K.L.:
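Below are the structure tokens for one structure; questions will follow.
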Amino acid sequence: MDQGSIARILKQVSGGEDEIQQLQKALLDYLDENTETDASLVFSRKFYIAQWFRDTTMETEKAIKSQKDEDSSEGTHHAKDVETTGQIMHRAESRKKFLRGIIKTAPSQFSTLKMNSDTVDYEDACLIVRYLASMRPFAQSFDIYLTQ
């Protein structure tokens, strides 16, 4: 991955969200901007939002399950584990809130939200997609699958 380009995109995209949310917003803005030229981008936008929402939900469920498994196996609560689970839950809720806000935005409001429409071009959008895909669990464990 071209970390320099990712850093450049993050600098151009304003927002107080975390890095993943900034990249997601930049990609969604690019898709919104180009829906007039390619109607399939509307489906792509909806697919990405649904997939990111599902990923966030799965991450939360795994954190809760791992916490319950540790509680039942060890019998004691570690403050560090509770804190990390709490952080995961907080981050997941903020991501869900962000995605719900995107979903509730009416198409007529897209033009007012497009402050960053010039920041992402086709090559940057492809880079963002590759970067976000590399963060998914399957991509991170691909070497394990190949080894097996």
Side-chain angles (χ1 to χ4, degrees), residues 1-35 40-117 119-120 124-148:
M1 286 291 151
D2 185 6
Q3 290 295 333
S5 294
I6 294 292
R8 178 184 50 79
I9 293 168
L10 287 172
K11 286 179 185 175
Q12 291 174 345
V13 176
S14 63
E17 304 97 12
D18 64 0
E19 178 179 296
I20 300 296
Q21 280 184 339
Q22 288 177 345
L23 292 173
Q24 288 174 345
K25 180 155 178 37
L27 182 60
L28 292 174
D29 287 345
Y30 170 79
L31 292 174
D32 287 340
E33 180 183 336
N34 293 297
T35 54
S40 66
L41 294 180
V42 173
F43 173 77
S44 298
R45 182 181 184 279
K46 290 178 182 180
F47 172 79
Y48 279 127
I49 292 171
Q51 188 66 45
W52 295 332
F53 196 88
R54 180 185 171 277
D55 289 347
T56 302
T57 303
M58 296 299 287
E59 179 182 333
T60 305
E61 289 174 0
K62 284 181 184 179
I64 291 171
K65 184 179 179 191
S66 68
Q67 181 183 3
K68 286 181 182 179
D69 290 344
E70 288 175 6
D71 288 347
S72 63
S73 66
E74 296 178 9
T76 59
H77 231 349
H78 295 292
K80 181 181 175 186
D81 294 336
V82 173
E83 182 180 50
T84 57
T85 304
Q87 290 172 347
I88 290 171
M89 297 293 285
H90 179 68
R91 185 176 63 235
E93 285 305 313
S94 68
R95 286 184 180 172
K96 285 182 179 181
K97 183 179 177 183
F98 164 74
L99 292 171
R100 282 188 200 112
I102 296 287
I103 292 170
K104 291 179 182 178
T105 305
S108 62
Q109 296 173 338
F110 289 154
S111 59
T112 60
L113 294 176
K114 282 191 225 172
M115 294 177 268
N116 306 321
S117 60
T119 60
V120 179
D124 289 344
C126 290
L127 179 65
I128 291 171
V129 169
R130 285 193 310 266
Y131 181 79
L132 291 175
S134 72
M135 304 298 277
R136 296 185 45 82
F138 181 76
Q140 292 177 348
S141 60
F142 195 68
D143 291 336
I144 296 170
Y145 290 117
L146 286 177
T147 304
Q148 292 178 356

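Remember, predicted model here, so these are calculated numbers, not experimental data. Each residue takes its place number in the sequence, starting with 1.
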K.L.:
Could you check W52 against I20 for side chain to side chain contact (heavy atoms under 4.5 Å, CB included), going step by step and ending with a plain yes or no?
P.N.:
CA-CA 10 Å; W52 295 332; I20 300 296; over 6 Å; no

K.L.:
Find out whether I88 and K62 are in side-chain contact, i.e. whether some heavy atom of one side chain is under 4.5 Å from a heavy atom of the other.
P.N.:
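They are not in contact (no side-chain heavy atoms under 4.5 Å apart), so the answer is no.
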
K.L.:
For side chain to side chain contact (heavy atoms under 4.5 Å, CB included), just list the numbers for R45 and L41, CA-CA rounded to whole Å, side-chain angles, deciding distance to a tenth of an Å, and then say yes or no.
P.N.:
CA-CA 6 Å; R45 182 181 184 279; L41 294 180; over 6 Å; no

K.L.:
Can you find a pair of side-chain heavy atoms, one from M58 and one from E61, that are under 4.5 Å apart?
P.N.:
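Yes, side chains in contact.
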
K.L.:
On a heavy-atom basis, which atom in D32 and which in T35 lie closest, and how many Å separate them?
P.N.:
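Heavy-atom minimum between the residues: O-OG1, 3.0 Å.
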
K.L.:
If every non-hydrogen atom of S5 is compared with every non-hydrogen atom of L127, which pair is closest and at what distance?
P.N.:
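Looks like CB-CD2, 3.2 Å.
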
K.L.:
Step by step, would you call M89 with I64 a side chain to side chain contact (heavy atoms under 4.5 Å, CB included)?
P.N.:
CA-CA 9 Å; M89 297 293 285; I64 291 171; 3.9 Å; yes

K.L.:
Report the distance from atom CD of Q24 to atom CG of L99, rounding to the nearest 0.5 Å.
P.N.:
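Q24 CD to L99 CG: 6.0 Å, rounded to 0.5 Å.
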
K.L.:
Could you measure the distance from the CZ atom of R91 to the OG1 atom of T60? Nearest 0.5 Å is fine.
P.N.:
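OG1 of T60 is found 9.0 Å from CZ of R91.
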
K.L.:
Of all the heavy-atom pairs spanning L31 and S44, show the shortest one and how long it is.
P.N.:
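Scanning both residues completely, I find the closest heavy atoms to be CD1-C, 4.3 Å.
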
K.L.:
Write down the atom of V120, the atom of A125, and the distance for their closest heavy-atom approach.
P.N.:
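Shortest heavy-atom contact: CG1-N, 3.7 Å.
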
K.L.:
Would you sort out whether K25 and Q22 count as a side chain to side chain contact (heavy atoms under 4.5 Å, CB included), showing the intermediate values?
P.N.:
CA-CA 5 Å; K25 180 155 178 37; Q22 288 177 345; 5.8 Å; no

K.L.:
Write down the atom of I128, the atom of L23, and the distance for their closest heavy-atom approach.
P.N.:
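Looking at all heavy atoms of both residues, the closest pair is CG2-O, 3.6 Å.
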
K.L.:
If I take atom NZ from residue K96 and atom CD1 from residue I103, how far apart are they, to the nearest 0.5 angstrom?
P.N.:
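CD1 of I103 is found 11.5 Å from NZ of K96.
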
K.L.:
Quick one: closest heavy-atom pair of T56 and A92, and the distance?
P.N.:
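Heavy atoms only, the tightest pair is CG2-O, 3.3 Å.
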
K.L.:
What's the separation between atom CZ in R100 and atom NZ in K97, rounded to the nearest 0.5 Å?
P.N.:
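Separation between the atoms: 10.0 Å.
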
K.L.:
Hey, what do you get for CD (Q3) to CD1 (I6), rounding to the nearest 0.5 Å?
P.N.:
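Taking CD in Q3 and CD1 in I6, the distance rounds to 6.5 Å.
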
K.L.:
Are the charged groups of R95 and D18 less than 4.0 angstrom apart, N to O?
P.N.:
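Yes, this pair counts.
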
